[in-house]
Every structure is written in structure tokens, then in C-alpha cells.
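Beneath this line is the structure, given in C-alpha cells, with notes to follow.
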Amino acid sequence: MTSSEPSATEASNKFWHEFKAERTAIEHAIQRSAHIPKPKLADHFQTILQNINGLEKQLTQATEFIPSYDERQYARQIKELGRALDTARANLTPKPKFTFKSRRPQQQQQQQKKVNDSARVADKETSHARDYEDDDNVVSFADMSDQLIQPAKLDNVDVLLSNLERCTVILTTGQVSALHIKNLSQCVVVCGAIRGSVLMYGFTRSVIAVGCHQFRMHDARSVNVLLNVSSRPIIEDSTNITVGPYQSMNILDSVNYYDQVEDFNWLKKQASPNWRVMEDIDADQVNRSVTHDEPTQLSRLLCN
């Protein structure tokens, strides 16, 4: 029983790493389109389209083990690749040299403009509708500073924290399926047990205490982490990360891989210089604070 869970989370981590590499390769191929000889553009675009379709197929196969929020983010990135390909194709495909002139060009242009405008409006409305449907199970807290964020109850939802500064976030009531952090600075985030993954991009001079099955941190700097995690945590493009065990009684798993961090920027056998294990006395102090102090007092834990 205990061995099956790490295999699922590691499969998710492996997919994320492969997806990122393939997405980057497709982006580079699209960017190179301007330098491809015109007679070879059709084959070039066809190859890119096949790669995008292949990436979409891989995502479909991976849905059985990746979190739902991650699935939506992957799908959006694939859509963005498709749009970028369409734009490159439209800009670089040679236009017909000969066209038939209309007897009433102005009138037809006006009619075509109306059609195009209507199409753009319809596409925009459809896009907003899809975004709303995709985010229907996501609770978002964004664009705040110097605030205490403490929702009364969360019922099996994903939580997105974005563009927060000097905020204290308490997510210990109810059930959170996944936590996603983007661009937080000088914040304290205290969570109970997250059923799925914790994923962050941009996290500086902050503190987080969380229990989860999967932990991934990107673009982080000067962060203290109290962690109870049932698979190896991953960091990338991050420095001065300190990790300690989260000792909250509400955490799910007795097996804790908090001190087995994988640094994707450090492939040597020696220990990565980008993270270290917190001293016991410091870990005890931070644990006492996040479990007993009033939320308004937790800003004292922030890194300088």
C-alpha cells in the first residue's frame, strides 16, 4: 500500500519534466520557422503540429495519475502552442500573388470586417466561458498585500494563491485538494493536509508549512519550509531553501521525505548548495509558532 503512492507521484513528476522539455522543444521549433526556407515550411509546420498532437495524447494517457489542476494547466499550455503555430503559419505562409478584384471592394471589406469582429467576440466569450468552467473548482486569492487570508471552510477544492505580498494565509479548515502558489513575497502560508500536490512558481522570503503527497518548488528564494510529504520534494531554479519536518497532528502520512529533496539544477553526487535541513531547535520553534501562535503574530517568522 505505502509503495504505490510514491510510484504515482513520481510518475507525475516524471511527466512534468518530460512535458516541459517537449513543450520547450516545440516553442523553439516555432521560433525557428522564420529561418526555414519557404519551400520547406509546409513540412516544418506539419511536423510541429504532429508534435503538439503527440503531446496532447501523452497528456490524455497521464490523466490517471496527475492532479486535476495540473491537467488543466497542461491543456492550456498545449492550446497556447497551437495558437503560436497558427500565428507563425499565418505570418509566414506565402499569400496568393493574384486575386480577383471585386466590383464593390469597400462593401465586401466592411462585411468581412463585421464577420471577423463577430468571430473574435464569439471566440472571446467562448474562451471566458471555458476558463470559468475550468476554474469552477478553484478558490483563488490574488493581488493583495498586508492581509490575513483565513477562509472559514474549504470543501474539496484547489486553492490558488497569486501575487500576494506580506500576507498570512491559513488553510487549516476544511479540505484542500491541491495548492498552487504564484508570485508570493514575504508571506506565511500554513496548511493542513493537502490531498494532492503543492506547486509553486515564484516564492521569496517566505515561510510555508504543509503536508502533501507531492511538493514542487520553482523560482524560490530564501524560504523556510515545514514539510510532511509522502514522495521526494522537488526544487528547481531555487536558492537558500531550508526544510524541516512539519509536526502538525493533522498530517496524513507517517513516512516523511522532507529531507530528501531533489534539486533539478544540481546533478552532482555532492549535496546541493541550494537547500539544507533546518536545525532541530529552529524546526521546533517554527512548528510551535505555526501551531500555537495567533495568525497575526506569524509574520515574525519571515526571512530577512
Roughly how far, to the nearest 0.5 Å, is [atom2] of [Y] from [atom1] of [X]?
X	Y	atom1	atom2	answer
Arg205	Gln186	CZ	CD	4.0 Å
Asp146	Leu164	CG	CG	11.0 Å
His28	Ser33	NE2	OG	12.5 Å
Arg221	Asn274	CZ	CG	13.0 Å
Thr296	Leu298	OG1	CG	7.5 Å
Asn13	Gln214	CG	CD	4.5 Å

**OP:** Please determine, by modelled atom types, if Ser177 and Asn156 share a side-chain donor-acceptor pair under 3.5 angstrom.
**Re:**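 Indeed, the side chains of Ser177 and Asn156 share at least one donor-acceptor pair under 3.5 Å.
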Original post:
Taking atom CG of Asp280 as the centre, does the number of heavy atoms from other residues, nucleotides or ligands within less than 6.0 Å exceed 12?
Top reply: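 Count not over threshold, so no.
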**OP:** Answer yes or no: are there more than 12 heavy-atom neighbours, outside Gln50 itself, under 6.0 Å from its atom CD?
**Re:**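 Atom CD in Gln50 is crowded, with more than 12 foreign heavy atoms closer than 6.0 Å.
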**OP:** Kindly indicate, with the supporting measurements, whether the criterion side chain to side chain contact (heavy atoms under 4.5 Å, CB included) is fulfilled by Leu55 and Leu81.
**Re:** CA-CA 10 Å; Leu55 195 58; Leu81 290 175; 4.0 Å; yes
Has [X] got a side-chain atom pairing as donor or acceptor with [Y]'s backbone, closer than 3.5 angstrom?
X	Y	value
Asn287	Pro245	yes
Asn265	Asp237	yes
Thr24	Glu22	no
Ser231	His213	yes
Tyr246	Tyr258	no
His44	Ala29	yes
Ser206	Val188	no

Taking all atoms of both residues into account, what is the closest heavy-atom pair of [X] and [Y], and its distance?
X	Y	result
Ile48	Ile26	CG2-CG2, 4.0 Å
Ser222	Ile241	N-CD1, 4.4 Å
Glu56	Ile78	CA-CD1, 3.7 Å
Gln297	Asp293	CB-CB, 4.5 Å
Asn224	Met278	CB-CE, 4.2 Å
Ile194	Val198	CG1-CG2, 4.2 Å

Do the non-hydrogen side-chain atoms of [X] and [Y] ever get within less than 4.5 Å of each other?
X	Y	value
Asn183	Ser185	no
Pro233	Trp275	no
Leu92	Phe45	yes
Val261	Ile234	no
Ser289	Arg300	no
Asp282	Thr242	no
Asp284	Gln247	yes
Arg72	Asp158	yes

**OP:** Return the set of residues passing salt bridge (charged side-chain N to carboxylate O under 4.0 Å, His left out) with Asp86 (not counting sequence neighbours), or none when no residue passes.
**Re:**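 So Asp86 forms no salt bridge (charged side-chain N to carboxylate O under 4.0 Å, His left out) with any residue.
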Subject >> Residues forming a salt bridge (charged side-chain N to carboxylate O under 4.0 Å, His left out) with Glu279, sequence neighbours excluded >> reply: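 Once residues adjacent in sequence are excluded, Glu279 has no partner under the salt bridge (charged side-chain N to carboxylate O under 4.0 Å, His left out) criterion.
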**OP:** Classify the angle between the aromatic ring planes of His218 and Trp16 as parallel (below 30°), tilted (30 to 60°) or perpendicular (above 60°).
**Re:**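 Correct class here is tilted.
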Original post:
Can you check side chain to side chain contact (heavy atoms under 4.5 Å, CB included) on Ile181 and Cys187, steps first, answer last?
Top reply: CA-CA 11 Å; Ile181 289 173; Cys187 292; over 6 Å; no
Original post:
Would Ile208 and Leu179 satisfy side chain to side chain contact (heavy atoms under 4.5 Å, CB included), going step by step from the backbone distance to the final call?
Top reply: CA-CA 11 Å; Ile208 182 170; Leu179 173 64; 4.3 Å; yes
Subject >> Same cluster (ILVMFWY, side-chain, under 4.5 Å), Ile235 and Trp266 >> reply: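 No, separate clusters.
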Subject >> Residue that, paired with Val210, satisfies side-chain contact (heavy atoms from CB on, under 4.5 Å) out of Val190, Val189, Leu227 >> reply: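 Going through the options one by one, the only one that passes is Leu227.
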Subject >> Leu171 vs Cys191, side chain to side chain contact (heavy atoms under 4.5 Å, CB included): CA-CA, chis, key distance, verdict >> reply: CA-CA 5 Å; Leu171 303 174; Cys191 308; 4.1 Å; yes
Original post:
Taking 4.0 angstrom as the limit, do Glu27 and Arg23 come out as a salt bridge?
Top reply: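 The answer is yes: the pair qualifies as a salt bridge.
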